[in-house]
There are 2 protein chains.
Amino acid sequence: MPNRREDDAVPVPSTGPVTAAKVAARAGLSRATVTHVLNGRAAEMQIRPETQQRVLEAARELGYRANALARSVRTGKSGMIGYIVDDEHYEPYWHTLVGAMAEAEKEGFTLKVLSATSETFAERIRQCMELRLEGLLLRVVLDKRPLYEEANRAGMPVVTVDEWVAQPYGIRVSADDAVGCCEALTQLLDLGHSRIAFISSGFESQPTEGILAREGLFLREMDNRGLPVPKGYVSRERMEVYGRGANVVHDASTCVAATASLLDHPAGRPTAIFCWRDEAALVAIQACQRRGLRVPDDISIVGFSDLSAAWLSSPPLTTCASPWGEMGQTAMRELVKGLKEGFDPSPREIQIPSGLIIRESTGMPHG
Amino acid sequence: MPNRREDDAVPVPSTGPVTAAKVAARAGLSRATVTHVLNGRAAEMQIRPETQQRVLEAARELGYRANALARSVRTGKSGMIGYIVDDEHYEPYWHTLVGAMAEAEKEGFTLKVLSATSETFAERIRQCMELRLEGLLLRVVLDKRPLYEEANRAGMPVVTVDEWVAQPYGIRVSADDAVGCCEALTQLLDLGHSRIAFISSGFESQPTEGILAREGLFLREMDNRGLPVPKGYVSRERMEVYGRGANVVHDASTCVAATASLLDHPAGRPTAIFCWRDEAALVAIQACQRRGLRVPDDISIVGFSDLSAAWLSSPPLTTCASPWGEMGQTAMRELVKGLKEGFDPSPREIQIPSGLIIRESTGMPHG
DNA sequence: CTGAAAGCGCTTACAG
DNA sequence: CTGAAAGCGCTTACAG
């Protein structure tokens with residue numbers, strides 16, 4: 001019966017971390033042989049099976065873990081991809097990140113997540129460069145030009161996700177809201193609606209191209225269909241859905257007011273309200289119900305996003321689902337492709353279609 | 001007027017990455033001096049201001065970014081902390097991660113996020129060790145013993161978050177559900193309820209200590225208050241709230257059935273239903289409303305978690321809010337403390353109180 | 001104040 | 001098949 005204790009007592013330098021050198025010493029081989037075996041170059045190097053066994057055994061006995069950092073210094077490849085988020089509390093971005101992470105892991109990369117504010121962004125950029133991240137995913141509304149400049153100099157691929165305005169560098173992966181918007185209006189028309197109002201964003205940043213894009217789509221689609229949008233049938237809300245840090249305050253008042261202004265419209269209330277985001281739609285449902293209106297019997301509500309709150313609300317919300325996970329996945333796939341085949345930094349757009357999910361907040365108009 | 005073009009033409013090796021050596025060459029100094037200045041040891045080393053200027057300028061001109069990987073190899077500190085999640089689609093864990101990330105960044109660490117399944121967990125552990133992560137946060141229901149073993153050998157601090165059963169290694173940060181549960185029952189009693197039912201977990205993993213803990217708390221609190229819980233006043237649901245991957249299917253049927261069994265109870269329906277999680281509460285609201293019951297006029301509903309869906313539902317949900325963000329923050333704070341002051345791997349528990357958030361799904365019982 | 005030198009743990013030609 | 005050697009980019013005593 002072998003005495004494990006004695007076996008362990010074989011003279012091996014036991015101080016400090018377990019390095020390839022110690023594995024080599026234990027196996028009675030050179031460091032190079034150890035690396036070759038451990039990195040799967042055994043066949044290529046024609047190392048005899050018995051030798052391989054010795055290496056593997058020594059590594060296992062010592063609990064050896066190659067130092068990926070040292071390897072990276074040598075090879076110049078960190079195997080790490082960065083993901084910078086600024087609105088990190090917002091549920092959809094989580095799904096996007098998860099989609100990207102799954103894709104990265106499938107490709108053998110590891111994901112570094114960083115949050116940024118206007119105060120910390122420069123510091124985060126520095127960290128990304130110093131850590132020699134191989135590529136960067138961005139979901140950030142800050143001014144990204146300083147980053148693009150550094151990335152360009154370093155030849156680092158950058159992909160933005162759910163970015164609402166065109167970018168001067170790299171790939172932009174975003175949702176094609178037009179598809180869902182069109183489907184939603186088609187459904188409302190099929191149900192028999194014609195007096196359709198819109199609750200839009202009241203935020204002022206990136207006014208026309210960005211945050212008001214959905215309002216534009218709505219107006220265009222209504223116009224295409226020859227449906228009038230009376231003055232005052234577009235209202236605005238600017239509800240903060242997530243605060244920074246621990247104290248999250250939900251102040252729905254602007255959205256309640258935006259709903260009220262539609263319900264009280266002098267030309268009569270709409271039979272359906274289309275909302276630029278789910279939060280607005282869900283608060284609109286609350287506001288309607290509080291006034292005794294039934295959804296969808298008295299009024300239909302449609303949202304945009306497909307938050308988890310959408311299927312859990314009463315009634316469950318009909319909404320244009322943004323392809324959050326797929327956007328992340330596609331962004332990462334493109335990034336990795338750039339890493340493998342060479343990255344073209346000139347701007348390129350990829351749009352992923354949204355799609356309508358019909359639940360119970362839409363129905364035929366009565367009266 | 002200085003000619004920038006000519007200035008740039010100073011002979012500097014322009015091939016390959018910008019290293020400290022190149023900065024030194026450009027500044028006409030030694031590499032050591034460069035490192036000293038760049039790492040803030042200029043005062044300590046009594047390097048004259050003019051020399052510092054030369055270093056800084058050369059670094060800036062060259063766009064030098066220190067290689068953090070190489071530094072880590074030398075110092076043995078990666079500055080990276082890992083966060084492994086397995087239920088990565090679940091909204092609350094995102095908030096926990098964000099809380100942890102904020103704390104890590106405040107402390108100068110960088111966060112690596114990894115997802116794990118039973119198939120990939122071993123591989124993820126290997127990656128964590130190879131990347132020389134300094135510590136690990138875990139939000140994973142898999143068997144963690146192999147990881148604890150490696151972490152112990154490497155002297156790596158590990159903290160688990162929202163773990164429902166005691167762990168053999170490291171710190172466990174979890175929510176103290178008892179506080180919120182107690183407050184919820186107090187509120188229901190104050191409103192005048194006495195016939196209170198419970199929708200509990202129908203999942204079978206970790207039965208008694210873990211997933212049924214909230215049911216236990218409910219029963220204990222009811223008993224403490226001398227309130228009977230008729231047979232059949234506890235029902236079970238096993239609804240999948242998030243699938244893996246792209247195809248998320250929400251099958252609420254078990255939860256609808258669990259609600260129905262309470263509403264149809266032979267001893268009469270309860271005036272309030274307490275639910276082990278918000279998803280159950282929100283589906284219960286849907287089920288009640290579909291049967292023509294008004295919430296809270298006919299029946300009160302209370303949840304557990306405070307998902308974003310809770311404030312957006314109709315009516316907004318009264319719920320025991322779990323301190324998701326704070327759990328992450330505390331976990332990271334403890335981890336960093338362990339890194340600084342030495343980590344004690346023997347098991348330790350930290351509980352963070354939950355708290356009731358009163359919204360509109362609870363009210364006085366009528367009739 | 002500044003520079004030459006050793007070393008972190010790894011990989012990769014290059015000899016034999 | 002295996003080993004000695006150079007080098008990745010950095011930091012850190014140690015001289016001067």
Side-chain angles (χ1 to χ4, degrees), chain A residues 13 15-56 58-59 62-79 129-134 154, chain B residues 13 15-56 58-59 62-79 129-134 154:
Chain A
T15 64
V18 181
T19 66
K22 287 195 188 131
V23 175
R26 172 135 191 161
L29 297 162
S30 81
R31 306 178 53 185
T33 306
V34 170
T35 330
H36 287 146
V37 171
L38 259 26
N39 292 359
R41 254 191 307 284
E44 186 185 328
M45 290 290 157
Q46 296 171 274
I47 294 172
R48 79 167 80 97
E50 184 230 307
T51 308
Q52 297 183 34
Q53 273 310 317
R54 264 162 64 202
V55 171
L56 260 22
L62 259 31
Y64 173 72
R65 292 298 191 193
N67 186 330
L69 267 21
R71 174 188 298 142
S72 295
V73 169
R74 188 60 233 265
T75 63
K77 306 246 166 260
S78 69
M129 305 313 293
E130 295 198 342
L131 284 165
R132 298 298 189 262
L133 303 185
E134 296 192 35
Chain B
T15 64
V18 182
T19 66
K22 288 195 187 131
V23 176
R26 172 136 192 162
L29 297 162
S30 81
R31 306 178 53 185
T33 307
V34 169
T35 330
H36 288 145
V37 171
L38 259 25
N39 291 359
R41 253 189 308 283
E44 185 186 327
M45 290 289 156
Q46 295 172 275
I47 295 172
R48 80 167 77 96
E50 184 229 307
T51 308
Q52 297 184 36
Q53 273 309 317
R54 264 161 63 201
V55 171
L56 262 21
L62 258 31
Y64 173 72
R65 292 297 192 194
N67 186 330
L69 267 21
R71 175 188 298 142
S72 295
V73 169
R74 189 58 234 265
T75 63
K77 306 245 165 262
S78 69
M129 304 314 292
E130 295 199 343
L131 285 165
R132 298 298 189 261
L133 303 185
E134 297 192 34

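Small disclaimer: the values here were computed from a predicted structure and weren't measured. Each chain gets a letter, A, B and so on, in the order the sequences are listed, and its residues count up from 1. Computed from heavy atoms alone, side chains included, the values below leave out hydrogens, waters and symmetry copies.
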Could you provide the dot-bracket string of DNA chain C, using ( ) for intrastrand pairs, [ ] for crossing pairs and | for bases paired to another strand, with Watson-Crick or G-U pairs below 3.5 Å? |||.||||||||.|||
Using atom types as modelled and distance alone, determine if a side-chain donor or acceptor of B:Lys77 lies under 3.5 Å from a backbone N or O of B:Glu134. no
Looking at A:Ser30, I'd like to know whether one of its side-chain N or O atoms comes within less than 4.0 Å of OP1 or OP2 on D:dG3. yes
note: B:Lys22, atom NZ; D:dC10, atom P; distance rounded to Å ~ 10 Å
Applying side-chain hydrogen bond (donor to acceptor under 3.5 Å, both in side chains), name anything that partners A:Ser72, two or more places apart in sequence or on another chain. none
From CG of A:Leu131 across to P of D:dC10 the rounded distance in Å is 13 Å
With a 4.0 Å cut-off on heavy atoms, is A:Ser72 in touch with a base, just the backbone sugar-phosphate, or nothing at all? nothing
So B:Leu69, base contact, sugar-phosphate only, or nothing? Heavy-atom distance under 4.0 Å. nothing
Side-chain touch A:Asn67/B:Arg132, heavy atoms, less than 4.5 angstrom: yes
How would you list, by chain and number, every residue that makes a side-chain contact (heavy atoms from CB on, under 4.5 Å) with A:Val34, sequence neighbours excluded? A:Ala20, A:Val23, A:Ala24, A:Leu38, A:Val55
Whole angstrom is fine here: how far is it from CD1 in B:Ile47 over to C1' in C:dG3? 11 Å
In Å and rounded to the nearest 0.5 Å, what is the OG1 to CD distance from A:Thr33 to A:Gln52? 11.0 Å
Can you tell if the side chain of A:Thr51 reaches within under 4.5 Å of the side chain of A:Val37, non-hydrogen atoms only? no
Within the 4.0 Å heavy-atom criterion, would you say A:Ala68 contacts the bases, only the backbone, or no part of the nucleic acid? nothing
Within-4.5 Å side-chain heavy-atom neighbours: B:Arg71 and B:Asn39: yes
From CG of A:Asn67 over to P of C:dC8, roughly how many Å is that when rounded to an integer? 12 Å
Between D:dC8 atom P and B:Arg65 atom CZ, what is the distance in whole Å? 22 Å
The criterion is side-chain hydrogen bond (donor to acceptor under 3.5 Å, both in side chains); which residues satisfy it with B:Glu130, sequence neighbours excluded? B:Arg126
Of all the nucleotides listed (C:dT2, C:dC8, D:dC10), which has the minimum atom distance to the side chain of B:Val73? C:dC8
Sort me out a list of protein N/O and nucleotides 12-16 of chain C N/O pairs below 3.5 Å, or just none if empty.
{"unit_1": "C:dT12", "atom_1": "OP2", "unit_2": "A:Arg41", "atom_2": "NH2", "d": "3.3"}

Can you list every pair that meets salt bridge (charged side-chain N to carboxylate O under 4.0 Å, His left out) and has a residue in residues 43-53 of chain B, with sequence neighbours left out? B:Glu50-B:Arg54
